Amino acid sequence: MAKVTLQATQPIDQYIHLGSMLWSLGLFVLAIYHLIPLDTPVTWSVDWLGALNIAFSFYIDGLSRLFILLITGIGALIFAFSGHYLAGHPHRHRFFLYLHLFMLAMLGVVTADNLLTLFIFWELTSFTSYLLIGFNHAAARSRRAALQGLLVTGAGGLCLLAGVILLAQITGSFALSEILSGDLVIHEHPLITAVIVLIGLGALTKSAQFPFHFWLPNAMEAPTPVSAFLHSATMVKAGIYLLARLHPVLSEAALWMPLLAITGSITAVLGGVLALKQRDLKQTLAYTTLMALGTLTALLSQPGTAAVAAASIFLVAHALYKATLFLSVGAIDHTLGAKRFSTLFGLWQRDRLFAFAWLAAALSLAGLPPALGFISKEMLYDSLLQTSGTSIWVLCALLLANAMMVALAFSMSVRILRPSPTAVRTKFAFFETGGPILMALLGLWLAMAPKALDQAMRTLLATWGDTAASEIIPLGLWHGINPALGLSLVTLSLGLLIGRFHARLYRRLHRLPMVSFDRGWDHFLATFVRFAESLTDMIQTNRLSRDLSWVLGTLTGLALLIAWNAPAWPHWEWGPAPLKLWLIVILILAGTMFSLIAQSRIAAITGLGVVGIGVALIFILFGAPDVAITQLLVETLLVVLIAVALLNLPTLPKQTGIRWGHATLALATGFVISGTLWGITTQPLDRTLTSFFEQASWTEAYGRNIVNVILVDFRALDTFGEIAVVLTAAIGAIALLKDMRMRKR
Amino acid sequence: MNSLIYKVGANLLFGILLVFSIFMLLRGHNEPGGGFIGGLIGAVAFIVYALSENIAATRRVLRVNPEHLAVTGLTIALCSGLLGPLVQEGLFAGQWLFLGATETDKGWPISSVLLFDIGVYLTVLGAIIALVLEMERHL
């Protein structure tokens, strides 16, 4: 223990801790000063793959700004928190590195202009979150959760890539700025359904929407600050960002609304129900995140800008209260050593300010005034009431989900406020409670003086068109008595009712049989691995003749398929050949026949050697001495190597008849190869390269042996790659041989 | 192998083949030959020797570990390629120096290209010898 405290007080730790915090805070301040006053989007670009029209480009508009502020602002508090939370942890430096990388990847996602740049950062967030979730890598649960998250979001990422490429095919551009500003009407394009499904899969897996919701609660295996960051401002919000980003161009398409509305509604309700089932605070919060993500997805399914405005405010409110709650759970877990609902008893007695932060966040979770959650919930109801009939189901689902949030907030608040005989005044660490208190106050301030947030929202909506923002009424806590307020009252009463019977409901829910998607995932993964294994067993039989049959059969099959569809067959031209050529052909044929009928391996190899020498002779006849020498040397080496190997092999079994299958395959392969060569040689020969090398090899590279000059000068990089392959192959073979020898012993 | 004729012949061949392999390496730029061919011939020389003697003896005449030889070769090839960027030219662009060149005589050429070919030679030589020696250990 003494050692741990010593480590914790090392000055380097202080530097890393404060440095990380200040760096993130600096980015936050920079974003406020440089991005907020600007009305026009900021762009920045570096050429990347010019030939493919792909640039490493960034585009920062109102939507990106909101996300940048959330990521850097909450990031700073997370860094402040983790420095204290992980003090003395042997891998804390690694943790900071991962968290930094993750934050930068996330910033990349929300600022990228080029869709492929976005995709790369998207994958980086999957990868770095894998490292963060699996941070406690000694625990099997942690490793499993990390792998699960990576596989689910990674598979979604691949779908996203396909969708992005299709979208670029339709719009003719990879640049988001061009796609968004284009007048092109793409929502009636025949491929748009595929685009929406693929991009939707990417966003829905990332945002843990039903039926991919199972990875998010498992990701709770990560240290608490990571969960706070992942859930509040990053990772799962990347999917929401993508949906919001493409909302202006895709929301008119037929599939958009039902796909997102249904998954979002199901996720929201499911998240609420599963949250009511938990006793562990961290798990409960994980499921409330599902509810929030479902709400956001459902909101973004709506075509109007009112829903987008509601989503943006909901996003801010959720980020603030969720980060507060997660960090608070981390703090009580760290200080009190438990994180169950019952741990909350008497928190008010322990630390009033901290309890106040918790209560403010709970108020926002429940959507009650004067918290920001109230404004966002009013806007949510308002926007859903505005749009036409089909959204009534969405409205009902979200109302139910919100009511369950009220119930949870009620359960928490009651426990915090109820005096406990055992609770005594407790000192929580400044760095651990400072963040939550700050964010709770910020949330209240933003709700009571909503001008700043209003401005941010309007800049954000500029992407949806110049007039989009003017339709939205200014943010405020009080808009008079209207239907939204009525729905809020319904939510509150329903929520209190659920809260009142929470204990009974909890038992009921536990008796209810439920399909476990988590176990389903294990099942799926096991089946998938079995499939891969059986496929491998089929192709890689560990018998050379069968393996070769697969390779040659595939090659021949494909070539025959191409030949079948060929428009015209090459023209066959007979001509007189010199006698020596005939002699060589006879030599080669004789060698082949000899190795076919040979009764011992050594004889068969000798036959093949004759074939090789015949081929080398052809090379010499046609003026390629270098190739001929190499061929001869390789033949020699081959015979030596095989002769060595033969001593270890059993003698050839007595041949009984012809193996017709192998014979057919061999003949077909020979036919295909000869045919291909024949086809190539009948084409007119393009001598551009030949004459270039003939001309340049002496004047530019001072060499008369063109083959060698090409190898060591013009194409030196290729040669370098080849010798690297030679070395790698040798190392691989040596490793195999060594392994065999070890096993023999 | 216990044949006296082979042993005597192998000793003779070993030296001749080694000299020949270096000859092939050096003439490669203008006549048939080069690092790859030279490396193969060198490897054959050592294999001939290994078959007449044994692995330990072959390792002794080689003096260095064949794996090390191969990696050194790859490094030399890479370094010769890095000379180009050093003088603001492309990666693996050939660099030439003509010592004592006059109007009529091009002098004594020294080039990064030859260095590269030596790298190829050593890589091929080392990789094949390492592989063959490992295989012979199974006998």
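We name chains A, B, ... by the order of the sequence lines, and we start the count at 1 in each one. In this text the structure is predicted, and so the values were computed from the model without any measurement. Below, all heavy atoms of this structure are taken into account, side chains as well, without hydrogens, waters or symmetry copies.
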From A/L555 CG over to A/L548 CG, what is the distance, rounded to the nearest 0.5 angstrom?
11.5 Å

A/L637 versus chain B, the contacting section by heavy-atom distance below 4.5 Å
side chain

Looking just at side-chain N and O atoms, do A/N708 and B/H29 make a donor-acceptor pair shorter than 3.5 Å?
yes

So which residue, A/L632, A/V712, A/V634, ends up with the most heavy-atom pairs under 4.5 Å with chain B?
A/V712

Are there more than 12 heavy atoms of other residues, nucleotides or ligands under 6.0 Å from atom CD1 of B/I5?
no

Winner by heavy-atom pair count (cut-off under 4.5 Å) against chain A, out of B/G33, B/G81, B/G73:
B/G33

Under 4.5 Å, counting heavy-atom pairs only, tell me which of A/T630, A/L717, A/L737 racks up the most with chain B.
A/L737

Going by side-chain hydrogen bond (donor to acceptor under 3.5 Å, both in side chains), name the residues that satisfy it together with A/D547, two or more places apart in sequence or in a different chain.
A/T541

Among B/L40, B/L131, B/I37, which residue has the highest count of heavy-atom pairs closer than 4.5 Å to chain A?
B/I37

B/L78 versus chain A, the contacting section by heavy-atom distance below 4.5 Å:
both

In terms of heavy-atom proximity below 4.5 Å to chain B, should A/L711 be classed as side chain, backbone, both, or neither?
backbone

Main-chain N/O of B/P32 paired to B/R27 side chain as donor or acceptor, under 3.5 Å
yes

Which atoms of B/I41 are under 4.5 Å from chain A, going by heavy atoms: the side chain, the backbone, both sets, or neither?
both

Surrounding CZ of B/F116 (heavy atoms of other residues, nucleotides or ligands, distance under 6.0 Å), is the total greater than 12?
yes

Side chain, backbone, both or neither: which part of B/L91 has a heavy atom under 4.5 Å from chain A?
side chain

A/S595 to A/G607 - nearest heavy-atom pair and separation
CB-CA, 4.1 Å

Given a strict heavy-atom distance threshold of 4.5 Å, which part of A/F714 is in contact with chain B: side chain, backbone, both, or neither?
neither

Quick check for you: among B/V44, B/V124, B/V71, B/T123, which has the greatest number of heavy-atom pairs under 4.5 Å with chain A?
B/T123

So how far is it from A/Y702 OH to A/S697 OG, rounded to the nearest 0.5 Å?
12.0 Å

A/L727, A/V726, A/I731: which one forms the most heavy-atom pairs within less than 4.5 Å of chain B?
A/L727

Examine whether an atom of B/V48 lies under 4.5 Å from a heavy atom of chain A, and if so say whether it belongs to the side chain, the backbone or both; otherwise answer neither.
neither

Chain B contacts, top residue of A/K738, A/R704, A/E722, A/R715 (heavy-atom pairs, under 4.5 Å):
A/R704

Backbone N or O of B/L114 within a donor-acceptor pair of the B/S80 side chain at under 3.5 Å?
no

Contact leader toward chain A among B/I128, B/L133, B/V113, where contacts are heavy-atom pairs under 4.5 Å
B/V113

Please flag which part of B/I47 lies under 4.5 Å from any non-hydrogen atom of chain A: side chain, backbone, both or neither.
side chain

Do the side chains of A/F693 and A/V707 get nearer than 4.5 Å, heavy atoms only?
no

